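All figures in this text were calculated on a predicted structure; none of them were measured in a lab. Naming: A, B, ... by sequence-line order, numbering from 1 per chain.
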Number of protein chains: 2
Amino acid sequence: MICHAYKSFFIVLADNCRLNIINLLSKGPLTVSDLCTKLGYEQSRVSHGLRTLKEHGFVVGKVKGKTREYALEPKLMIPLLKIIDEHVDKYHKQKCKCKCIRWRDMA
Amino acid sequence: MICHAYKSFFIVLADNCRLNIINLLSKGPLTVSDLCTKLGYEQSRVSHGLRTLKEHGFVVGKVKGKTREYALEPKLMIPLLKIIDEHVDKYHKQKCKCKCIRWRDMA
DNA sequence: AAATCATATGAAATAGAAATCATGCGCTAT
DNA sequence: ATAGCGCATGATTTCTATTTCATATGATTT
């Protein structure tokens, strides 16, 4: 009934690891080991996250020597993050107890 | 690190039941039993879905006699669905084998 | 006010996805 | 060409979310 593409679009983003990767990449491209260091995650965990993000067109990866640099797909992510920021800002301002309402400004 | 509000925003939408509800509501308000009939889901399943959608500001519900009518939150959902439609259309057109690319036109 | 209809809710069972662990592959430098 | 570094991948375990089942609530009709 529902196209799987729609469900998977959200599943990909409904995950702390992948959201944190997006958060960091929203400030500029990074390599896998950069992401590991900044997030304190295992390399394998980050690679799995990036693979899923890439498979669904949220990020793109370039080989640079023996490292790989990942970046957000700007056409999709910029307007998407804007809508979500606005909603979370407006809707969760009262409800959410944590201080990190605007997560993209953090970390 | 990531505000829970952002993760839960996507978790709410990463589910067939809730997506199908949104799909139907995008054509106009419906009661719980309308949704049950059209989706072939148990009443309890639909109610659980609606509760989650309501808690996160995706839908609103009005009491109408002994029934309750639910509708999409238009300020959020219209621009959101637009972005996702475009991405899925563009990105999954080749990859997805199923015919239902534009799920909001279906069912 | 009792019965019934429409919906909500809690808890247990089930299904599904993520983290970890172990390993493999490709590039680079020596 | 081989050793080392950066990253990817597969399978298992672990964790989390959804479904189901049973029951409660609240409005309406008789």
Side-chain angles (χ1 to χ4, degrees), chain A residues 1-25 29-72 98, chain B residues 1-25 28-72:
Chain A
M1 192 176 304
I2 283 285
C3 174
H4 181 66
Y6 284 84
K7 187 186 173 192
S8 59
F9 182 96
F10 295 112
I11 286 181
V12 170
L13 297 172
D15 176 73
N16 278 331
C17 175
R18 294 189 290 262
L19 275 180
N20 280 320
I21 290 172
I22 286 175
N23 182 20
L24 287 179
L25 292 184
L30 291 171
T31 66
V32 177
S33 49
D34 288 339
L35 289 166
C36 290
T37 308
K38 299 206 180 203
L39 292 172
Y41 291 162
E42 276 192 16
Q43 175 266 314
S44 160
R45 190 176 172 190
V46 171
S47 281
H48 275 127
L50 284 167
R51 185 191 190 208
T52 304
L53 287 169
K54 197 170 91 179
E55 279 177 354
H56 292 83
F58 293 95
V59 306
V60 290
K62 277 185 199 165
V63 178
K64 288 217 168 180
K66 55 178 170 176
T67 72
R68 300 198 186 183
E69 198 178 72
Y70 283 90
L72 291 191
C98 68
Chain B
M1 190 177 304
I2 282 284
C3 174
H4 180 66
Y6 284 85
K7 186 185 173 193
S8 59
F9 182 95
F10 294 112
I11 286 181
V12 170
L13 298 172
D15 176 74
N16 278 331
C17 176
R18 294 189 291 262
L19 275 180
N20 279 321
I21 289 172
I22 287 175
N23 181 21
L24 286 180
L25 293 183
L30 291 171
T31 66
V32 177
S33 49
D34 288 339
L35 289 165
C36 291
T37 308
K38 299 207 179 204
L39 292 171
Y41 291 163
E42 275 192 18
Q43 175 266 315
S44 161
R45 189 176 174 190
V46 172
S47 281
H48 276 125
L50 285 167
R51 185 190 190 209
T52 304
L53 287 169
K54 198 170 92 179
E55 278 177 355
H56 293 82
F58 292 94
V59 306
V60 290
K62 275 186 201 164
V63 177
K64 288 217 169 181
K66 55 178 170 177
T67 73
R68 301 198 186 184
E69 196 178 72
Y70 284 90
L72 290 191

Distance, rounded to the nearest Å, where B:Leu50 contributes CG and D:dT18 contributes P: 14 Å
Minimum-distance pair of heavy atoms, taken over all atoms of A:Ile11 and A:Arg18: O-NH2, 3.0 Å
Working for side chain to side chain contact (heavy atoms under 4.5 Å, CB included), residues B:His48 and B:Thr52: CA-CA 6 Å; B:His48 276 125; B:Thr52 304; 5.7 Å; no
Qualifying residues under side-chain hydrogen bond (donor to acceptor under 3.5 Å, both in side chains), relative to A:Glu42, sequence neighbours excluded: none
A:Leu50 and A:Leu35, any side-chain heavy atoms less than 4.5 Å apart: yes
Touch class at under 4.0 angstrom, heavy-atom based, for B:Thr67 against every strand present: sugar-phosphate
Relative orientation of the end axes in the helix from C:dA1-D:dT30 to C:dT30-D:dA1, expressed as an angle to the nearest 10° (five pairs per end): 20°
With sequence neighbours excluded, residues passing side chain to side chain contact (heavy atoms under 4.5 Å, CB included) with A:Thr37: none
Results of ring-ring contact (aromatic ring centres under 6.0 Å, His included) for B:Phe58 - residues two or more places apart only: A:His87, B:Phe9
For A:Cys17, all residues meeting side chain to side chain contact (heavy atoms under 4.5 Å, CB included), sequence neighbours excluded: A:Asp15, A:Ile21, A:Tyr41, A:Arg45
A:Glu69 CD to D:dA8 P, straight-line distance once rounded to whole Å: 13 Å
Smallest separation among heavy atoms of B:Leu19 and B:Leu13, with atom names: CG-O, 3.3 Å
Backbone N/O of A:Gly61 and side chain of A:Arg68: donor-acceptor pair under 3.5 Å: no
Test side chain to side chain contact (heavy atoms under 4.5 Å, CB included) applied to B:Thr67 - qualifying residues, sequence neighbours left out: B:Thr31, B:Lys64
Pairing residues for B:Ser47 by the side-chain hydrogen bond (donor to acceptor under 3.5 Å, both in side chains) criterion, not counting sequence neighbours: B:Gln43
Length of the CG-C1' vector between B:Leu53 and C:dT9, whole Å: 16 Å
Using a cutoff of under 3.5 Å, can you pull out all pairs of nitrogen or oxygen atoms linking the protein to nucleotides 25-30 of chain C, with atom names and distances?
none

Nearest-angstrom distance from the residue atom CG of A:Leu13 to C1' of D:dA17: 17 Å
Residue pair A:Leu25 / A:Leu30: nearest heavy atoms and the distance that separates them: CD2-N, 3.7 Å
B:Glu55 CD - C:dT9 P separation (whole Å): 8 Å
C:dA6 phosphate, OP1 or OP2, under 4.0 Å from B:Tyr70 side-chain N/O: no
By salt bridge (charged side-chain N to carboxylate O under 4.0 Å, His left out) - contacts of A:Arg51 (at least two apart): A:Glu55
Per-nucleotide protein contact string for nucleotides 15-23 of chain C (B base, S sugar-phosphate only, - none; heavy atom under 4.0 Å): ---SSBB--
Of residues 30-37 of chain B, the positions that come close to DNA chain C - non-hydrogen atoms, cut-off under 4.0 Å: B:Thr31, B:Val32, B:Ser33
